[in-house]
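Below: one structure, written as structure tokens.
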Amino acid sequence: MARILVTDDAAFMRMQLKDIVTKLGHEVVGEAENGQVSVEMYQELKPDLVTMDITMPEMNGVDALKEIKKVDPDAKVIMCSAMGQQGMVVEAIQAGAKDFIVKPFTADRINEALSKAL
Amino acid sequence: MTTTTANHQSKVITHLLNGTNTTMKSIIPAEQNISKPQLLTEPPIVEYGVLIGITGDIKGKLMLAGDPAVFSGIGGVMFGMAVEGEMLVSFSGELGNMLAGGISTIVINEGLQTDITAPTVLQGSTKISGYKKAIQLTAGFKNIGELKVMFLLDS
């Protein structure tokens with residue numbers, strides 16, 4: 001069982017992700033509504049993995065990923081975004097993301113990404 | 001406006017509309033019928049809707065408008081659960097985000113680099129202004145209802 005931090009500005013998507021992740025046998029230890037909060041919660045909670053939306057107010061997901069990687073180069077972050085442009089996927093992977101899930105996602109796709117990353 | 005500029009703008013709009021058709025069908029698992037585009041001559045007035053900013057090679061806004069029950073019904077077919085109250089507001093914004101994100105992902109293949117803003121949900125009668133051209137599509141979903149999709153372009 002992994003400890004997971006969910007990051008998305010939409011409460012509905014956080015609820016969906018929490019539901020899927022919990023049913024897969026993991027624990028959601030925190031929910032962040034933007035990139036800035038996610039970076040702060042990462043340092044406080046030290047989760048095993050972070051799911052990260054990209055388009056968010058305050059700080060976007062790619063910038064948050066880079067900040068988290070500065071704090072912990074071994075951090076496991078999976079991007080989860082409605083924007084599936086190749087350039088954005090490449091930027092996220094180059095910044096250290098373990099996977100890139102395009103919304104809307106399925107439980108199977110989340111399971112696959114978690115299994116690969118953990 | 002020169003002929004070249006008009007041709008370019010016409011192509012951009014075609015790519016946006018094609019991208020909307022493709023994205024709608026890929027993200028919403030319901031039988032659907034999307035109308036022909038219509039140029040709006042009057043500022044739209046919405047009671048419930050979602051506004052997403054588009055930046056980059058295309059500048060403007062994407063707006064979804066419809067009865068909250070339609071958004072709720074779409075949430076039901078996408079996620080297999082009733083979506084109501086605060087979660088409906090959150091889901092509505094996310095639906096706009098998924099549609100705009102999907103369109104953005106498709107139009108880049110036509111050489112149009114765009115980015116989108118976080119969604120703003122509109123509740124209560126709102127008259128929308130501050131754009132150069134407005135194009136509207138109506139998407140009908142079987143057993144759910146209709147959703148209006150508007151592109152409010154800055155040029």
Side-chain angles (χ1 to χ4, degrees), chain A residues 6-24 31-38 51-65 79-93 97 100-111, chain B residues 19 22-30 50 52-58 62 64 71-72 74-121:
Chain A
V6 171
T7 312
D8 200 303
D9 58 329
F12 179 79
M13 296 315 290
R14 295 200 302 273
M15 182 186 75
Q16 284 293 322
L17 274 166
K18 186 175 182 177
D19 185 50
I20 291 171
V21 163
T22 306
K23 282 179 179 160
L24 290 171
E31 294 182 35
E33 69 270 25
N34 65 55
Q36 183 63 49
V37 174
S38 185
T51 68
M52 184 74 76
D53 186 17
I54 291 184
T55 307
M56 293 183 287
E58 302 284 333
M59 181 189 285
N60 74 46
V62 175
D63 288 345
L65 162 68
M79 309 310 283
C80 195
S81 170
M83 296 284 281
Q85 296 172 345
Q86 194 183 2
M88 198 165 273
V89 176
V90 169
E91 186 187 1
I93 299 296
F100 196 110
I101 298 171
V102 179
K103 294 177 187 172
F105 46 72
T106 62
D108 285 346
R109 181 68 184 92
I110 299 288
N111 189 26
Chain B
T22 306
T23 307
M24 278 283 194
K25 288 187 170 71
S26 76
I27 68 173
I28 304 174
V50 183
I52 308 259
I54 305 171
T55 59
D57 293 340
I58 304 169
L62 167 70
L64 298 182
F71 283 88
S72 178
I74 290 171
V77 295
M78 286 179 74
F79 293 96
M81 56 177 281
V83 186
E84 290 164 348
E86 274 305 302
M87 282 300 163
L88 177 59
V89 174
S90 178
F91 165 74
S92 301
E94 196 58 26
L95 179 64
N97 190 28
M98 285 188 274
L99 180 61
I103 294 168
S104 198
T105 302
I106 288 172
V107 299
I108 199 166
N109 296 325
E110 307 297 338
L112 297 166
Q113 174 74 50
T114 56
D115 200 355
I116 60 171
T117 65
T120 300
V121 178

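Scope of the values below: all heavy atoms of this structure, side chains included, with no hydrogens, waters or symmetry mates. Given the structure is predicted, the values throughout are model-derived calculations rather than measurements. Chain letters run A, B, ... following the sequence lines, proteins first, then strands; residues in each count from 1.
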I'd like a table of the N/O donor-acceptor pairs between chain A and chain B - cut-off under 3.5 Å, distance only.
from	atom 1	to	atom 2	distance (Å)
A:Ala11	N	B:Ser90	OG	2.9
A:Phe12	N	B:Ser90	OG	2.8
A:Gly84	N	B:Thr105	OG1	2.8
A:Gln85	OE1	B:Gln113	NE2	3.4
A:Gln85	NE2	B:Ser104	O	3.3
A:Gln85	NE2	B:Ser104	OG	2.8
A:Gln85	NE2	B:Thr114	O	3.0
A:Lys103	NZ	B:Glu94	OE2	2.7

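Looking at B:Val89, neither its backbone nor its side chain comes within 4.5 Å of chain A, counting heavy atoms on both sides. Using a 4.5 Å cut-off between heavy atoms, B:Ile27 touches chain A through backbone and side chain atoms alike.
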